[in-house]
Undergrad: 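The structure under discussion is supplied below as structure tokens; questions concerning it will follow.
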Amino acid sequence: MAKEYNFQEIEQKWHQLWTANETYKVTEDKNKQKFYVLNMFPYPSGAGLHVGHPLGYIASDIYSRYKRQKGFNVLNPMGYDSYGLPAEQYAIQTGQHPEKTTFQNIDRYREQLDKIGFCFDWSREVRTCDPGYYHWTQWAFQKMFASFYCLKCQKAQPIEELINYLNEHGTEGLNVAQSEELHITAEEWKAMNEKEQSDVLMNYRIAFLGETMVNWCPKLGTVLANDEVVDGVSVRGGYPVEQKKMRQWCLRVSAYAQRLLDGLDTIEWSDSIKETQRNWIGRSEGAEIEFKIADSDKSFTIFTTRADTMFGVTFMVLAPENELVQTVTTPENKAEVEKYLTYVKGRTERERQIDHKITGVFSGSYAINPFTGEKNPIWISEYVLAGYGTGAIMAVPAHDSRDYAFAKHFGLPIIPLIEGADISEESYDAKEGIVTNSPRKDVTPYIDFSLNGLTVKEAIAATKVYVKEHHLGRVKVNYRLRDAIFSRQRYWGEPFPVYYKNDIPQMIPEDCLPIELPQVEKFLPTETGEPPLGNAQIWAWDEVNRKIVDKNLIDNKNVFPIELYTMPGFAGSSAYYLRYMDPRNDKALVSKEADEYWQNVDLYVGGSEHATGHLIYSRFWNKFLYDLGVSCKEEPFQKLINQGMIQGRSNFVYRVKDTNTFVSLGMKNEYDVTPIHVDVNIVKNDVLDIDAFKAWRPEYETAEFILEDGKYICGWAIEKMSKSMFNVVNPDMIVEKFGADTLRLYEMFLGPVEQSKPWDTNGIDGCHRFLKKFWSLFWDKEGNLQVTNEEPTAENLKSLHKVIKKVSADIEAFSYNTSISALMVACNELSQQKCRCRQIMEPLVIIIAPFAPHIAEELWEALGHNTTVCDAQWPDYDEKYLVESSVKLGVQFNGKVRFALDFPADATPDQMISMVKTAPEAQKYLEGMQIVKTIAIPGRIVNIVLKPC
RNA sequence: GCCCAGAUGGUGGAAUUGGUAGACACGAGGGACUUAAAAUCCCUUGACCAUUACCGGUCGUACGGGUUCGAGUCCCGUUCCGGGCACCA
């Protein structure tokens, strides 16, 4: 009896040994080059790990193991993003503390992860809900509170510096990131009381309390960040979201907009994700130009990217929320304007986003074009957004499609400014062409400024210069990137280390951190509408004794209320990669030594759905820590691989209407049938297990079947993986049936890691079969190791070196499916060659180890090694074994292959051509023809171009 | 509407980046072993034509053009699918 591949025994054995020997524990080792591999840590949901999770983990595990064998000191940690809404929602429903369910879920995740054989260093595990961890989330928040962003030095600076500046100069000449432009003299600043000064500083702090329009989700009872809202509904739960003005903690992410944009050029991420981030940041260069309101001493500023179209402005538009609306509305128009504002208020964000109705109202006032002196009517319309630019625009209907639609609808004039542009049907928006009508001599015969004859691009530049020189406005860069709303009205999140003294927020001293999440009985908001933390009794700060005390002790002297908000989900996930470097440090987020050794993440693996959330926030967070000198690298994730989504592959059975008879796929068109989802776990290769089906549901017990070829073939469709479609595949079942090594191999063999693909177990047998074949290479019929010390043949060496070359290159390129193919080929070749030389087999075990570590360890041990295969050195290939003495090439005439010919490997192009000319097979093609041209590339191609004589 | 990435057998996918398209695997068909099943092994498998057999031929990488001795790969246009952004001035 041959020795069987008993994967269950093997895998269990090695899991135990790995744990016992701490095989995957890493320490900072200055003698070795570091390599940091990181997976986006999971949120431990109640549903457990599904087959989509391991995809990325396996890919990065292979890379980690490979790098380790290449001699790198590899950090490959894992942890849990363990604060979040689902656990809290579950707590509200069942009364179970979210910590309890979260920990249960974590245990289940760990169990599932362990089965797959990852090389995580679990001694470095972090959990975002652990006080030892969120200590540093709170700490970073306090640092942001204590900082402002200097635009001149493009860096976060201590707020004290700003205070000093205000003391000396007021806001005069201040070039910093701010919520709004303030004009305060040093004297005014110094005359302010504490509360007023605090409010002024909020305008500059990187973490600040802001009265802003927020996305309020009534159903979830909390505010949401922009990336948590899609199409006017919450990403989690899909509940409606409305705009509401609220006082919230915010992070001044927008201050870093330019650095976030520039940094993209220094990192190796996919073009599509960089593009997504660029869109999200939304940089646009333009100018702010001031328009005076006619018959008034007031004026307002608009933002435009098309300064060249100043001569085509025919009206102005204010956003309905713009503060100037009241000012510009004349008494005669007041009633109409009020009516319109009421209409706009009644429209939800979602409605405004979905249908773009052309609506608006004339305010009665006019604005004076600073170039031409023309009076343009000021309109109010919802198509202008309050949150972007200045909330006011100059309308150039000839060259902006929205202005055009508005002008047509309300019968406003349209003046073309570009030569040859046809604007009879639609506006000409392209930034191309030659400018004309600028100025129009009939309107402004006196102006000494002309754009006529310039291209649009030249005209934009010329206008900006003119605006600057004549103090009509300023050149301005706008970003769409908004500041992040940083507070949530929820329980299960990091508490803010903040208390309120006379309504002025104060930071709890750094040495008193962390402020631990208090226990509460109920997880819902309080009866008075306070956030859930309002239910906590022991939740007040005693300033004198420096500790948390009972709320009843609140007085106005030294006990104060603590912030009731908690931090959002992205707080904990924004700097976790730094914490893994030094996870148990209670003196700092990360020690200087650990940070300088591990630097940043070399390879980050995770889903692309985080492109505008986590991947922006953590870049921002890291840049801030970089400014502080905590992180030595400006970008946290050097290379990013986005694993594709795993979709579900659903199966259907077809029930004949009004019967309990099911008809096989091939004949369903002959009947009137209803497709019904069937559990994919009772279908194999689209063939239904009829007995299992009958047992699946009581109503199918008596089911009858119309078969084809004695089988019931199911239909299939690619759909989202979901319980209701019975297409969820759990990795545990695969591990049980085929082993972790097969699962690993198969998930990688499915296709490129970055591609989304349906989960389809149809091919899993092939991978399992390969492992069995591989296993049997090592054992003879009696179950003894058949590896010998024979000298390998040239053929053996060639097979081995070919596969080493291919697999090394493919792993570096994350092309795991092709490396597995190469391993399969090598296995077949060596099996055919009946190769059993140790010199061949040992390297083979080493290169299969990243993919199938359990079987590799077992064989490595059988080969007589008492070290782990993880530390076996990755073999180098030698080109000399791959060189052919002769190469068979197709000989082409006029680009068509006619016959094959053997060429010496070192033949020169000329020699190749003369060989072809003299080859007997060639004569019938050469006859009566003359050679026009010859092309020969050694090892590649030989082609002779002929034409008749 | 704008931007990005794609389209290759019955299926998942290869193709050294311009050099014999379809590696590898699944599925399917045929065969061997077996009382039988499982497992294992061998052969066939892009389409069409030709053929007793051998040797062959034509067409083929979404569609239409182009560059080239030669195009899945490069260029122009079209269609379709996926992703992102979207009254962003």
Side-chain angles (χ1 to χ4, degrees), chain A residues 2 4 270-284 286 302-306 309 317 319 352-353 355-358 381-385 387-396 399-403 405-406 429 478-481 608-609 611-612 642 644-645 649 685-687 709 716 745-746 749-752 754-758 760-767 769-770 772-773 776 805-806 809 815 817-825 827-828 831 888-900 932-937 939-947:
Chain A
E4 270 202 46
S270 74
D271 289 341
S272 64
I273 229 149
K274 284 188 185 180
E275 197 59 27
T276 301
Q277 291 215 340
R278 285 191 191 105
N279 283 341
W280 191 257
I281 296 166
R283 178 191 159 103
S284 68
I302 58 91
F303 175 75
T304 180
T305 55
R306 292 295 301 274
T309 58
V317 190
R352 271 175 87 163
Q353 270 181 12
D355 75 311
H356 296 162
K357 278 191 209 159
I358 301 170
S381 172
E382 60 178 333
Y383 89 84
V384 173
L385 303 177
Y388 185 78
T390 60
I393 63 153
M394 62 179 208
V396 186
H399 303 294
D400 182 285
S401 53
R402 295 152 304 182
D403 297 346
F406 194 85
D429 290 16
N478 252 327
Y479 301 92
R480 192 164 56 226
L481 186 68
S608 58
E609 68 272 19
T612 54
N642 297 113
M645 299 256 214
R649 187 177 188 278
N685 295 343
D686 289 337
V687 177
D709 303 330
W716 59 272
L745 228 45
Y746 184 61
F749 192 64
L750 221 45
E754 301 186 70
Q755 194 171 299
S756 282
K757 57 214 151 218
D760 175 355
T761 50
N762 280 349
I764 202 158
D765 289 330
C767 289
R769 224 171 272 166
F770 161 65
K772 279 203 258 186
K773 267 189 232 169
S776 64
K805 183 179 180 180
K806 178 75 178 150
S815 177
N817 54 335
T818 53
S819 28
I820 293 167
S821 293
L823 284 165
M824 287 174 174
V825 171
C827 177
N828 278 338
S831 165
K888 198 177 205 120
L889 289 181
V891 174
Q892 300 180 5
F893 289 106
N894 289 339
K896 285 224 156 74
V897 179
R898 301 300 172 178
F899 59 91
V932 179
K933 194 175 174 185
T934 58
I935 300 120
I937 304 165
R940 290 281 182 86
I941 197 75
V942 56
N943 184 23
I944 296 177
V945 185
L946 302 168
K947 73 172 186 196

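Keep in mind it's a predicted model, so treat the numbers as computed, not measured. Here is the naming used below: chain letters follow the sequence lines, and residue numbers restart at 1 for every chain.
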Undergrad: Using the C1' atom on both, measure A36(B) against C24(B) and round to a whole Å.
TA: 33 Å

Undergrad: Nearest of G27(B), A89(B), A39(B) to any side-chain atom of Lys772(A)?
TA: A39(B)

Undergrad: Could you tell me how far U73(B) sits from U68(B) if I compare only their C1' atoms? Round to whole Å.
TA: 13 Å

Undergrad: Quick one: which protein N/O atoms are closer than 3.5 Å to N/O atoms of nucleotides 2-10 of chain B? Pair and distance per line, please.
TA:
from, atom 1, to, atom 2, distance (Å)
C3(B), O2', Glu275(A), OE2, 2.9

Undergrad: Atom pairs, N/O to N/O, protein against nucleotides 17-19 of chain B, distance under 3.5 Å?
TA:
from, atom 1, to, atom 2, distance (Å)
G19(B), O2', Arg940(A), O, 3.4
G19(B), N2, Gln892(A), OE1, 3.1

Undergrad: Using whole Å, report how far CG of Asn817(A) lies from P of A25(B).
TA: 13 Å

Undergrad: Closest approach to the side chain of Lys773(A), judged atom by atom: which nucleotide of C41(B), G13(B), A23(B) is it?
TA: C41(B)

Undergrad: Could you spell out the base pairing of RNA chain B as a dot-bracket line? Use Watson-Crick and G-U wobble contacts where both distances are under 3.5 Å, [ ] for crossing pairs, | for partners on a different strand.
TA: ((((.((..(((......[....)))((((((.......))))))((((......))))..(((((..]....))))))).))))....

Undergrad: Side chain of Asp400(A) only, please: which of C24(B), A89(B), G27(B) is the nearest?
TA: A89(B)

Undergrad: Report the residues that fulfil side chain to side chain contact (heavy atoms under 4.5 Å, CB included) with Ser831(A), sequence neighbours left out, ordered by chain and then residue number.
TA: Leu777(A)

Undergrad: Of the nucleotides A89(B), C24(B), A14(B), which one has an atom closest to the side chain of Met824(A)?
TA: C24(B)

Undergrad: Considering only atom C1', compute the distance from G6(B) to C49(B) and round it to an integer number of Å.
TA: 35 Å

Undergrad: Quick one: does Lys757(A)'s side chain have a donor or acceptor within less than 3.5 Å of a partner on Gln755(A)'s backbone?
TA: yes

Undergrad: Of all residues at least two apart in sequence or in a different chain, which pass the side chain to side chain contact (heavy atoms under 4.5 Å, CB included) check with Ser821(A)?
TA: Phe749(A)

Undergrad: Residues in side chain to side chain contact (heavy atoms under 4.5 Å, CB included) with Ile937(A), at least two apart?
TA: Arg940(A), Ile941(A)

